[in-house]
Peer 1: 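Dropping a structure here in structure tokens format, bear with me for questions.
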Amino acid sequence: KELADLGTGNILFNMKNDVRAEEHLAKAVELDTAMTEAYIYQADITVRGQEFNGAWLVLNRGLLLHALQEIGDTMKHQL
């Protein structure tokens, strides 16, 4: 499901339908917090709105959550 929302968000992003794209990207992130691509599209939408600090926050959140997911996965494999 999260991949479908990411794909739909991507298509809507390319069509510049940012409101609908954001809805699907937010759903993709809700289903998989480590989905880096969704955060990148969300940041791009934020940049389009000239909210550069907001884009920075979105990217940082996505990178942090992705890193935490990978650390958690590594720890599970070590146990």
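The chain is numbered in sequence order, starting from 1. Everything quoted here is computed from the prediction, not taken from an experiment.
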Peer 1: Can you tell me how far apart CG (Leu59) and OG1 (Thr46) are? Round to the nearest 0.5 Å.
Peer 2: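 Here the interatomic distance stands at 8.5 Å.
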
Peer 1: Which residues pass the side-chain contact (heavy atoms from CB on, under 4.5 Å) test with Val29, not counting sequence neighbours?
Peer 2: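 With sequence neighbours excluded, Val29 shows a side-chain contact (heavy atoms from CB on, under 4.5 Å) to Ala38, Tyr39, Gln42, given in chain and number order.
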
Peer 1: Nearest 0.5 angstrom please: Glu37 CD to Leu3 CG, how far?
Peer 2: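 Going from the CD atom of Glu37 to the CG atom of Leu3 covers 8.5 Å.
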
Peer 1: Can you confirm whether Met15 sits close enough to Ile11 that some side-chain heavy atom of one is under 4.5 Å from a side-chain heavy atom of the other?
Peer 2: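 Touching, per the 4.5 Å side-chain cut-off.
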
Peer 1: Who clusters with Val19? Use side-chain heavy atoms, under 4.5 angstrom, across I, L, V, M, F, W and Y, and order the result by chain and number.
Peer 2: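 Hydrophobic cluster check, Val19: no partners found.
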
Peer 1: Tell me the closest heavy-atom pair linking Met35 and Ala28, and the distance in Å.
Peer 2: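 Shortest heavy-atom separation between Met35 and Ala28 comes out as SD-CB, 3.9 Å.
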
Peer 1: Taking the six-membered ring of Phe13 as reference, does the cationic atom of Arg20 (NZ for Lys, CZ for Arg) lie under 6.0 Å from its centre and within 45° of its axis?
Peer 2: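 Here Arg20 fails the 6.0 Å and 45° test against Phe13.
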
Peer 1: Provide the closest heavy-atom pair for Ile45 versus Ala21 in the form atom of the first, atom of the second, distance.
Peer 2: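 Looking at all heavy atoms of both residues, the closest pair is CD1-CB, 3.9 Å.
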
Peer 1: Please answer whether the main-chain N or O of Asn10 pairs with a side-chain N or O of Asn14 as donor and acceptor at a distance below 3.5 Å.
Peer 2: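 At least one qualifying donor-acceptor pair exists.
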
Peer 1: From Glu23 CD over to Leu12 CG, what is the distance, rounded to the nearest 0.5 angstrom?
Peer 2: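 One finds 9.0 Å between CD of Glu23 and CG of Leu12.
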
Peer 1: Would you call Asp44-Arg48 a salt bridge at under 4.0 Å N-O?
Peer 2: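 Looking at Arg48 together with Asp44, the answer is no, because their closest N to O distance does not fall below 4.0 Å.
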
Peer 1: Output the distance between atom NZ (Lys27) and atom CG (Leu25), rounded to the nearest 0.5 Å.
Peer 2: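 That separation rounds to 13.0 Å.
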
